[in-house]
Peer 1: 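There's a structure below that I have some questions on.
A, B, ... follow the sequence lines: proteins, then strands. Residue 1 opens every chain. Quick caveat, the model's predicted, so the values are computed rather than measured.
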Amino acid sequence: MSLVAVDKVSFGYTASRPILDAVSLDIAPGDTIGLVGESGSGKTTLLRLLLGLATPDSGTIHFDGSPLDPRNGAFMRQFRRQAQVVFQDPYSSLDPRQTIFSIIAEPLRSLRLAGDHAAMVAQALEAVGLTPDAATRYPHQFSGGQRQRIAIARAIVPGPRLLLADEAVSALDLTTKVRVVELLARLSASMSLLFVSHDIGVVAALCRRIVILEQGRIVEAGDTATVLANPRHPYTQRLLASVPRLTLNEAST
Amino acid sequence: MSTTIASAPARPPRSLILWAGLILVGLHVATGLLSLVWLPYEPTGMVGMRLEGPSLVHWIGTDRLGRDLFTQLMIGSRIALVVGIGAVAIGAAIGVTLGILAAFASKWLDDALAATLDILIAFPTLLIAMLVVAASDTASLWSAIVALGIALSAIVARLTRILAKRVLVMDYITAARTSGSSWPKIVAIHILPNIWPTLSVNFALQFGLAVIAEASLSYLGLGAPPPNASWGRMLQEAQGTVYTAPLGAIAPGLALVSLAIGVNLLADGLRDSIDPTRRAR
């Protein structure tokens, strides 16, 4: 059974121009999916629907077999524990007035999870490659890449089964980006990952499956290797053609 | 040519600002408290000659009725503190609540609230306060405080609304929602701490405004009735003799200014000391 089942979901802020048009998508446990599309193609909107921050105009979303209903408090508490998100801008995603400990512990406290929160935060920090003494410091004392690691620590601390990453490496410089992608790849071994990006190179490195979104419609989906080797939809072909290439053909890892 | 990099404009050390504020405000608080238990003279008694200059007997002289000015100044400290704290507390309680509600309200309700606040702010603070005082039965210190608090709340509400809206679009608010935090909790732990620095500076400014506005209300007979010797009343009474006995106006004026500066410094210092991003890196 799939972990997330999106069935013919449509959404729009105005009736005339839908942001999402009959989108269907399955995420299996342990899957890594890259959701690719231009700005305005509906990627972030789909993510908001998947997080229960908005409800679709039509169509259904099921999580682990149950309908995703933001009004069902008991279900949402279970759901929030299992589905977490990392945002694009590491400078906007951490409250500047809270210590790193408070930031990472917030899901534990708000979802009333049992256990030794201090130990869980330390463990999460370690998992993202930061030392436990980071917990007492404030976000402004960290670089962009470190902040993104902290945001990832907050997302993984309740032990989610689904991690949604919204352009999570787009704001980072190249070397930092590679490290955070490596971190996400490591984490994806133990959870499903939906990686939203316009960076097809990163998706190719990270995701087993790829879904191409254009103007609110899924135009192509399949194994990343297959789709990229043999793109059928004109939009996918254009997208691939627009990837900048180095003249020196470096080995991609 | 020097090779050193130009440093940022010099700003007095944080601790200095905080201490200067603490000392100035502390002086007024101490004087105000002392006036409850001890006064040099009977405040309403004609204890000296009219319009005496400073002497060892009357430290800053007497007014045109022969009352001791220093005694009145001490009572004025107490009244100014009560008015300032009371008005700002009422203004903050109403204003912050309204502002947060407006920030969360639907677009229609938010627009209506914003327009109402703009209209309220367009009226002079003093005029609103006069209306509120006129609506209450008798002019007293408390009616003046409530009136000023209500008048100030519109400004606080508008500021809170704008600041809260700016915080609401941040990703850490969305992250708090996906972390399962309820809206009241998000207001308490994310929104209020992030808008507090700007709000607190505004409260300090309004403290000064409230004290001055109370003086104006007293002048119009709508503030604290005699024998409450507020600084505003002292200023008003010294108006006629400002050329012959200027100290009668200068003393309450300086007291007013020193308290207003003290509160502003204190607010600045406190803000800096609780703001993690302004602490030593």
Peer 1: Sequence neighbours excluded, which residues qualify as ring pair (Phe, Tyr, Trp, His ring centres under 6.0 Å) partners of B:Trp142?
Peer 2: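 Per chain and number, B:Trp142 pairs via ring pair (Phe, Tyr, Trp, His ring centres under 6.0 Å) with no residue.
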Peer 1: Not counting sequence neighbours, which residues clear ring pair (Phe, Tyr, Trp, His ring centres under 6.0 Å) with A:Phe101? List them please.
Peer 2: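 In terms of ring pair (Phe, Tyr, Trp, His ring centres under 6.0 Å), with neighbours along the sequence ignored, A:Phe101 is linked to no residue.
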Peer 1: Under a 4.5 Å heavy-atom cutoff, which of A:Ser102, A:Ser110, A:Gly73, A:Gly52 has the most pairs with chain B?
Peer 2: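 The residue among A:Ser102, A:Ser110, A:Gly73, A:Gly52 with the greatest pair count is A:Ser110.
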Peer 1: Test of understanding: with ring pair (Phe, Tyr, Trp, His ring centres under 6.0 Å), list the residues that count as partners of A:Phe195, not counting sequence neighbours.
Peer 2: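 Ring pair (Phe, Tyr, Trp, His ring centres under 6.0 Å) check on A:Phe195 returns nothing, list empty.
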Peer 1: Which atoms of A:Arg77 are under 4.5 Å from chain B, going by heavy atoms: the side chain, the backbone, both sets, or neither?
Peer 2: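 Neither part; nothing is under 4.5 Å.
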Peer 1: Compare all side-chain heavy atoms of A:Gln98 with those of B:Ile189 and state whether any distance is below 4.5 angstrom.
Peer 2: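 When only atoms from C-beta onward are counted, B:Ile189 and A:Gln98 do touch, with a gap below 4.5 Å.
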Peer 1: Which residues in residues 157-174 of chain B have any heavy atom lying under 4.5 Å from a heavy atom of chain A?
Peer 2: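 Interface residues of residues 157-174 of chain B: B:Met170, B:Asp171, B:Tyr172, B:Thr174.
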Peer 1: What closest approach, in Å, do B:Ala176 and A:Glu106 show between heavy atoms, and which atom pair accounts for it?
Peer 2: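 Distance-wise, the nearest heavy atoms are CB-OE2, 3.3 Å.
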Peer 1: Measure A:Arg109 against the heavy atoms of chain B and call it side chain, backbone, both or neither at under 4.5 Å.
Peer 2: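 Its backbone and side chain both get close to chain B.
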Peer 1: Which pair of non-hydrogen atoms, one from A:Arg154 and one from B:Ser179, has the smallest distance, and what is that distance?
Peer 2: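 Taking every non-hydrogen atom into account, CD-OG, 4.3 Å.
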Peer 1: Is A:Leu94 in contact with chain B via its backbone, its side chain, both, or neither, using a 4.5 Å heavy-atom distance?
Peer 2: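 The answer is the backbone of A:Leu94.
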Peer 1: Does CZ in A:Arg81 sit with more than 12 non-hydrogen atoms of other residues, nucleotides or ligands closer than 6.0 Å?
Peer 2: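 Not buried by this count: 12 neighbours or fewer within 6.0 Å.
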Peer 1: Is the OH atom of A:Tyr91 crowded by more than 12 outside heavy atoms at less than 6.0 Å?
Peer 2: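 Yes, enclosed.
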Peer 1: Return the minimal non-hydrogen interatomic distance between B:Arg177 and A:Arg48, and the atom names on each side.
Peer 2: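 That would be NH1-NH2, 4.3 Å.
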Peer 1: Taking B:Thr178's backbone N and O only, do any of them form a donor-acceptor pair with A:Gln84's side chain (distance below 3.5 Å, no angle check)?
Peer 2: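 Such a contact is found between A:Gln84 side chain and B:Thr178 backbone.
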